[in-house]
Amino acid sequence: MQDTIFQQYIRAKSIFKGDRDILRPSYIPDILPHREAQINQMASILVSALEGQRPSNVLLFGKTGTGKTACTKYIGKEIERAVSNLNKVTFIYMNCEVVDTQYGVLQNIGNKFIENFDERIPFTGWSTERVYNILREKMDEEKRVIVIALDEVDKLVSKSGDDVLYHLCRINDDLKNAKVSVIGISNDLRFMEFLDPRVKSSLAEEKMVFPPYNADQLKDILEQRSKLAFDEGILENSVIPLCAALAAQEHGDARRALDLLRVAAEIADRNHVPVVTESDVIKAKNKIELDCVTEAIRTLPVQSKLVLMGVLLNDQRGDGKLTTGDLYETYKELCQCTSMAILTQRRITDLISELDMLGIIHARVKSFGRGGRTKEIEPSVPVEEARQILEEDEILSQLKNYKLRYQTTLM
DNA sequence: TGTCCACTGGAAGGGAGGGCTT
DNA sequence: AAGCCCTCCCTTCCAGTGGACA
């Protein structure tokens, strides 16, 4: 390691005691503070799995960072620890934001039961029916209880409908040896409305709501983790209360609280100072917010980037809010400039809606009476910074210092 | 009160790209 | 190689709509 470029970054002592993953939301500690009630309730429902019986299906509701995922994974770990030779229990956790198609979910579950790599279900190519049949067959090879936790199940339903849930809920009718129960996790209470009544009643045999943490509870969580992550005296006294207070403002999100603390510590660490201060937390807050936006913009498909560029250029010219029609004209101009294919206006309205959902622009439907009904669009990110990020793109880099020719109608 | 504008947003379907089966 | 199936991105078509204006 001598004389390498890393030399200057290697110090005798880091602020972190050891593993900094302890402060990541994905880390599951041995004790989850303020979630004892929920864990006990889940345990009382799932204990029948250990007795070889099928537990009720459960639906968990609660905003982000209220401990739904952590509790579920914790319970999963405990189940695996408690399993006896007599009754076999398989616990499967899956995030439906990552795996968001009917086929994908069945394929993923199926592959958990297939050890031989050559026999694995491919990620595309088979009919869903066939995947389902293999899955059922493999599951049924042994007498066991299978608990499937589907995180962010609302994403799955909104994207691919409730067919998979329907299949999974009634799979028990087709199984002789195995028994399946489903844990659905959602941060959207309304998603139930979109379910087929049969799926709804089957999936929600038991319902649990995870309330947001308040500032005091967040403080406890942070204190527990910081004891594992740092030595005494590393954090200024006000650091944890500040992280807790900031996260409590955002609907009691423990994930956000942990991120704040971790990033604040990383900032202090990088500055080679021995103590994490309040100002590090404020810096962390700004950094997290900016990183989110930057990452969202950078990973946009190129057509969406062009649309966003249209919004930014109009804003920089001082046109204020612009309509879908105007933005489409601007977008066409930018396409010609960059030799990109021009998509239809219908498609662009979808891209506008996506950008709106990501929080990068703000678009709301407005009627101008005889002037028609359209969307009013304005950026909701810092314009200059966003433009710089867009210009990093190979194709968009041609638009450096570009001035629009098209004149909007709305002034 | 009815008209009419400039869209919105749902539905259906095409086709490219991935992969399997026969 | 031909015939399937699945997902993703996109187009085409079109009924529906809020509200200013005649």
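Protein chains get the first letters and strands the later ones, always in sequence-line order, with residue 1 at the start of each.
Between A:Thr69 and the choices A:Asn95, A:Thr64, A:Asp151, the side-chain hydrogen bond (donor to acceptor under 3.5 Å, both in side chains) rule is met once, by A:Asp151.
Contact check, A:Thr344 against C:dC10: no side-chain N or O comes under 4.0 Å of OP1 or OP2. Distances shorter than 4.0 Å separate some side-chain N or O of A:Arg347 from OP1 or OP2 on C:dC10. For A:Ser367, no side-chain nitrogen or oxygen approaches OP1 or OP2 of B:dA6 to under 4.0 Å. A close approach under 4.0 Å does occur between a side-chain nitrogen or oxygen of A:Thr324 and OP1 or OP2 of B:dT8. Considering only side-chain N and O atoms, A:Arg130 lies under 4.0 angstrom from the phosphate OP1 or OP2 of B:dT21. Residue A:Lys375 places at least one side-chain N or O under 4.0 Å from the OP1 or OP2 atom of B:dG9.
In this structure, the NZ atom of A:Lys366 is 14 Å from the C1' atom of B:dA6, given to the nearest Å. Here C:dT7 presents its C1' atom at 12 Å from CD of A:Gln107, a figure rounded to the nearest Å. As rounded to whole Å, 18 Å separates atom P of C:dC21 from atom CZ of A:Arg373. The distance from atom CD of A:Gln102 to atom C1' of C:dC5 is 13 Å, rounded to the nearest whole Å. Per the geometry, CD1 belonging to A:Ile134 stands 16 Å off C1' belonging to C:dC6, to the nearest Å. Look at CE on A:Met340: it is 14 Å from P on C:dC9, rounded to the nearest Å. In this entry the distance linking CG of A:Leu343 with C1' of C:dC9 reads 9 Å, nearest Å. A:Leu351 has its CG atom 12 Å from the P atom of B:dT8, to the nearest Å.
Heavy atoms from other residues, nucleotides or ligands lying under 6.0 Å from NZ of A:Lys77 number more than 12.
Ion pairing between A:Glu97 and A:Lys155 holds under the 4.0 Å rule for side-chain N and carboxylate O.
Side-chain to base pairing of A:Arg370 with C:dG19: no donor and acceptor N or O lie closer than 3.5 Å to each other. With hydrogens and angles left out, the side chain of A:Arg346 and the base of B:dG10 share a donor-acceptor pair within 3.5 Å.
No donor-acceptor pair closer than 3.5 Å links the side chain of A:Gln53 to the backbone N or O of A:Ser48.
The side chain of A:Tyr103 approaches C:dT7 more closely than any other nucleotide in the set C:dC5, C:dT7, B:dC20.
Contact check for A:Leu203 versus A:Leu165: side-chain heavy atoms found under the 4.5 Å cut-off.
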